[in-house]
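After the structure tokens below, expect a handful of questions from me.
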Number of protein chains: 2
Amino acid sequence: MSSAKINAAIDNLKEAGVRITPQRHAILEHLIESMSHPTADEIYKALEGKFPNMSVATVYNNLRVFKEAGLVKELTYGDSSSRFDCVTTDHYHIICDSCGKIVDFHYPGLDEVESLAESVTGFEVGRHRMEIYGICPECKRKH
Amino acid sequence: MSSAKINAAIDNLKEAGVRITPQRHAILEHLIESMSHPTADEIYKALEGKFPNMSVATVYNNLRVFKEAGLVKELTYGDSSSRFDCVTTDHYHIICDSCGKIVDFHYPGLDEVESLAESVTGFEVGRHRMEIYGICPECKRKH
DNA sequence: TAGACTAATTATAACGATTATAAAGTAATA
DNA sequence: TATTACTTTATAATCGTTATAATTAGTCTA
Ligand SMILES: [Mn+2]
Ligand SMILES: [Mn+2]
Ligand SMILES: [Zn+2]
Ligand SMILES: [Zn+2]
């Protein structure tokens, strides 16, 4: 049930001293219930019915607040907009080159690559990023 | 010797019917001899002594031409500018979180992850992207 | 509860990287 | 040489995002 997750997120924010405004509640709710990886603008448009006066800056500001609280992760891509993921446990993504869909995908983690990189380059390794690109089943069906 | 690589790149372009202008030659030369992963603007600034009238659009246009010819790869990052890599054979990068330096790093390739992703998600996998982030030896020394 | 303080939202301007446009220049072709 | 296509240049436009300043709302304290 996603309302439990929303409540947990709200408690988390309250403990960090962040006020729960109607806009913040709605943005959080949308992130959690959409079960997707929306852009700031998609969130903005999805909520403009309920909040016709909300500024796009409010969406960006609050996504930053949520990020700092550890409630969302930002997924950055070269050309286009960032996407936001409210699943903060470690996981990877596979992205459709044709329609842009992003699907979660779990894998043990690439510790071996990290430690090899460390020994070869002399870097102190902190983290890594990995995504897979391909064609999703729906797009495959349409040739 | 990097001049051999420049000549090979030029032959490649000629065969593809691309004219070798002085600007194109200089951009290629800079990419190959700098042995780094410069941004379009870094290339532009590096060449403004030799080409005081060159437009930044020329740099972008020609980087696209080179990309389409398979001579360079574009490395995209969320916030900041793209970087360009004239080493087009498969390799990974490790990036310093402190100074931004990008270092090449070879690893067998993650075929296993790709095939697992394919079977789990139903995608037809084409490629993947992986980078490692950490602190480079020089930045470690400065605490 | 009034007044003061603080935080959040809004509207709008600014920013930086990149791309589009149109004019002018250059090379290839006939 | 005249025609044509390609390339460069200068400049404007675009897009995602952030900064600014004014307004509004919430919280705290006397
Ligand atoms: Mn995800
Ligand atoms: Mn490289
Ligand atoms: Zn698809
Ligand atoms: Zn460093």
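Because the structure is predicted, anything quoted here is derived from the model rather than measured. Labels below follow one simple rule: chain letters A, B, ... track the order of the sequence lines, proteins then strands, and each chain is numbered from 1.
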Measure the distance from CG on A:Leu13 to P on C:dA7 and round it to the nearest whole Å.
16 Å
At under 4.0 Å between heavy atoms, which parts of nucleotides 15-30 of chain C does protein reach? Answer with one letter per nucleotide, 5' to 3': B base, S sugar-phosphate only, - none.
--SSBB----------
Could you point out which residue of A:Asn61, A:Thr58, A:Asn62 forms a side-chain hydrogen bond (donor to acceptor under 3.5 Å, both in side chains) with A:Arg24?
A:Asn62
Starting from the 5' end of DNA chain D, give me the residue, B:Ile20 or A:Thr21, whose nearest nucleotide shows up first.
B:Ile20
Can any side-chain N or O of A:Glu29 pair as donor or acceptor with the backbone N or O of A:Ala26 at less than 3.5 Å?
no
If you group Ile, Leu, Val, Met, Phe, Trp and Tyr by side-chain heavy-atom gaps below 4.5 Å, do A:Ile20 and A:Leu71 land in one group?
yes
Could you list who else is in A:Val87's hydrophobic cluster, with ILVMFWY side chains joined at under 4.5 Å, directly or through other members?
none
Is any side-chain N of the basic residue among B:Arg64 and B:Glu74 closer than 4.0 Å to the acidic one's carboxylate O?
no
List the steps and the verdict of side chain to side chain donor-acceptor pair (under 3.5 Å) for A:Glu112 and B:Tyr107.
CA-CA 10 Å; A:Glu112 193 197 329; B:Tyr107 190 83; 3.2 Å; yes
Mind checking which nucleotides bracket the chain A contacts on DNA chain D, 5' to 3', with an atom under 4.0 Å from a heavy atom?
D:dG16 to D:dT27
Taking only residues two or more places apart in sequence, or in another chain, which ones meet A:His25 in a ring-ring contact (aromatic ring centres under 6.0 Å, His included)?
none
Which residues in residues 42-55 of chain A have at least one heavy atom lying under 4.0 Å from any atom of DNA chain C?
A:Asn53, A:Met54, A:Ser55
Assess the side chains of B:Tyr133 and A:Glu114: does a donor N or O sit below 3.5 Å from an acceptor N or O?
no
In Å, rounded to the nearest 0.5 Å, how long is the span from NE2 of B:His106 to CG of A:Leu116?
12.0 Å
Which donor-acceptor pairs under 3.5 Å do side chains of residues 90-101 of chain B form with protein atoms, sequence neighbours excluded?
from     : atom 1 : to       : atom 2 : distance (Å)
B:His91  : ND1    : B:Thr89  : O      : 2.8
B:His91  : NE2    : B:Asp85  : OD2    : 3.0
B:His91  : NE2    : B:His93  : NE2    : 3.1
B:His91  : NE2    : B:Asp104 : OD1    : 3.2
B:Tyr92  : OH     : B:His128 : NE2    : 2.7
B:His93  : NE2    : B:His37  : NE2    : 3.2
B:His93  : NE2    : B:Asp85  : OD2    : 3.0
B:His93  : NE2    : B:Asp104 : OD1    : 3.2
B:Asp97  : OD1    : A:Arg127 : NH2    : 2.6
B:Asp97  : OD2    : A:Arg127 : NH2    : 3.4
B:Lys101 : NZ     : B:Glu138 : OE1    : 2.6

